[in-house]
Amino acid sequence: PVDVDLGLHMEYLNSISEADHAFTLEAFVELIWCDPRLAYDPAATGETRRIYLEDVAVRKIGEIWWPDLYFVNQAGPPVIERQELIIFPDGTVVHEERVRVTLKARLDLTKFPFDRQKLEIEIESFAWPSHEMVLHLDTDKIGLATVFNTPPWQVVSHHAEIRNMREIRDRDEFSEFVMEVETARISMPFVYRLLIPLILVVMASWSVFWLRPTSTGRFGVTFTAILTVVAFNFIITRKLPSVPELTYLEALFGISFILLLLVVVENTIIDRLTGAGRMEDAHRTDRISRVLFPLIYVAGIAGVTVAFGIF
């Protein structure tokens with residue numbers, strides 16, 4: 001089989017689409033192989049190497065053997081932005097291209113906004129099975145650019161490997177390059193803009209426990225908090241990933257709504273107690289609520305956090 005060294009140097013990770021379960025990558029892909037049929041005598045030709053660029057390189061590739069690689073998990077045709085082909089006197093061929101491609105991914109968004117995603121880049125030959133062509137890692141050419149643009153994500157780790165794969169549609173095994181990039185969402189903007197305001201609104205609703213049981217403002221404060229959370233929910237819905245699964249953030253909103261509804265129930269109980277002249281029982285209920293509601297909220301948040309495997 002023909003041995004082909006493959007290097008992939010990632011320049012940009014432009015976007016990760018939660019709705020499409022895809023990401024867009026810009027990278028340099030380099031291939032090196034040897035074809036003795038392309039050897040020539042540099043003394044006779046006066047050339048130490050032959051260089052072909054852009055369209056000329058494309059035409060030359062059409063005339064010679066080449067690995068015929070493609071992205072297995074591509075969501076659309078890649079865009080080749082730069083291309084270079086170099087042939088050395090001994091028949092060694094170096095092919096390099098800068099490519100922009102959108103790739104499919106299996107995204108697990110249930111932990112949003114504290115989720116991590118494993119993005120895979122899969123490359124194999126369309127024509128040559130592993131008994132005719134074998135890929136090898138060119139470790140010196142695999143990695144990330146010094147400044148790797150991935151907002152709002154940060155790259156945690158990456159590694160590459162070569163494995164033999166056989167799809168259902170294939171008759172033979174193919175040598176496949178697989179690079180896995182683990183990314184973590186930068187969650188602090190969501191914490192400051194969504195989680196902290198949500199928790200503060202819920203805590204503000206507890207101020208009714210310190211109001212007089214006969215105060216007419218108790219229900220006003222509670223329903224104002226509920227309407228604030230509802231309006232807040234409408235505003236941030238556009239920021240949430242459009243996925244069928246329940247996310248961590250949505251679960252926190254659910255707990256917050258339940259707590260606010262329980263405040264309404266507590267106010268109703270207080271109103272009935274005061275109407276029956278049981279003022280001491282009303283004061284006792286408020287004192288218990290001052291401790292009980294924060295404990296319930298903290299326990300609910302902790303339970304959801306553990307259930308979703310956050311941290």
task = Report yes or no: does E250 contribute a side-chain atom to a donor-acceptor pair with the main-chain N or O of T247 at less than 3.5 Å?
result = yes
request  = Give a yes or no on whether the backbone of F23 and the side-chain of T102 come within a donor-acceptor separation of less than 3.5 Å.
outcome  = no
ask   = Between T274 and T214, does any side-chain donor sit less than 3.5 Å from a side-chain acceptor?
value = no
message = So does R37 get a backbone contact from the side chain of D35, meaning a donor-acceptor N/O pair under 3.5 Å?
response = yes
query = Can you tell me if H159 and E161 form a side-chain donor-acceptor pair at under 3.5 Å?
reply = no
message = Could you go through R185 and E18, starting from their C-alpha distance and side-chain angles, then the distance that decides it, and tell me whether this counts as salt bridge (charged side-chain N to carboxylate O under 4.0 Å, His left out)?
response = CA-CA 12 Å; R185 191 187 300 270; E18 291 94 349; 3.0 Å; yes
request  = Show the numbers, then the answer: is there a side chain to side chain contact (heavy atoms under 4.5 Å, CB included) between L195 and L252?
outcome  = CA-CA 8 Å; L195 294 182; L252 291 185; 3.5 Å; yes
query = Between K141 and E30, is the closest basic N to carboxylate O distance under 4.0 Å?
reply = yes
ask   = Between R163 and E176, is a salt bridge (charged side-chain N to carboxylate O under 4.0 Å, His left out) present by the stated rule, with each step listed?
value = CA-CA 5 Å; R163 60 193 184 192; E176 183 175 278; 3.8 Å; yes
Over 12 foreign heavy atoms within 6.0 Å of CE, M279 = yes
task = Kindly assign one of parallel, tilted or perpendicular to the pair F209 and F293, based on the angle between their ring planes and the thresholds 30° and 60°.
result = tilted
ask   = Have Q83 and H95 got a donor and an acceptor in their side chains that come within less than 3.5 Å?
value = yes
ask   = In terms of side-chain heavy atoms, does S289 have a donor or acceptor partner in E266 at a distance below 3.5 Å?
value = yes
message = Cation-pi check for F88 against R49: NZ or CZ below 6.0 Å from the six-membered ring centre and within 45 degrees of the axis, yes or no?
response = no
query = Do R166's NZ or CZ and the ring of F174 fall within the cation-pi criteria of under 6.0 Å and 45°?
reply = no
ask   = So, does Y40 use its side chain to make a donor-acceptor pair with the main chain of I87 at under 3.5 Å?
value = yes
ask   = So, E26 side chain and L13 main chain: donor-acceptor pair closer than 3.5 Å or not?
value = no
query = Which one of T268, D286, D271 satisfies the side-chain hydrogen bond (donor to acceptor under 3.5 Å, both in side chains) criterion with R218?
reply = D286
query = Relative to each other, are the rings of F253 and F257 parallel, tilted or perpendicular (30° and 60° limits)?
reply = tilted
task = Assess the side chains of Y70 and S125: does a donor N or O sit below 3.5 Å from an acceptor N or O?
result = no
query = If you measure from the Lys or Arg side-chain nitrogens to the Asp or Glu carboxylate oxygens, is any gap between R98 and E84 under 4.0 Å?
reply = no
task = Would you mind reporting whether P213 and H283 have side-chain heavy atoms less than 4.5 Å apart?
result = yes
ask   = Is it true that E280 and R287 make a salt bridge, defined as a side-chain N closer than 4.0 Å to a carboxylate O?
value = yes
request  = Evaluate the criterion side-chain hydrogen bond (donor to acceptor under 3.5 Å, both in side chains) for residue pair H136 and D5; output intermediate values, then yes/no.
outcome  = CA-CA 5 Å; H136 299 275; D5 293 339; 5.2 Å; no
Under 3.5 Å: donor-acceptor pair, side chain of N73, backbone of E120 = yes
ask   = Taking D55 for the side chain and A57 for the main chain, is one N or O donor matched with an acceptor at less than 3.5 Å?
value = no
ask   = Hey, is R82 close enough to E97 for a salt bridge, meaning N to O under 4.0 Å?
value = no
message = Check for me whether the distance between the ring centres of W65 and W128 falls short of 6.0 Å.
response = yes
is_close_aromatic(F112, Y248), centroid dist under 6.0 Å = no
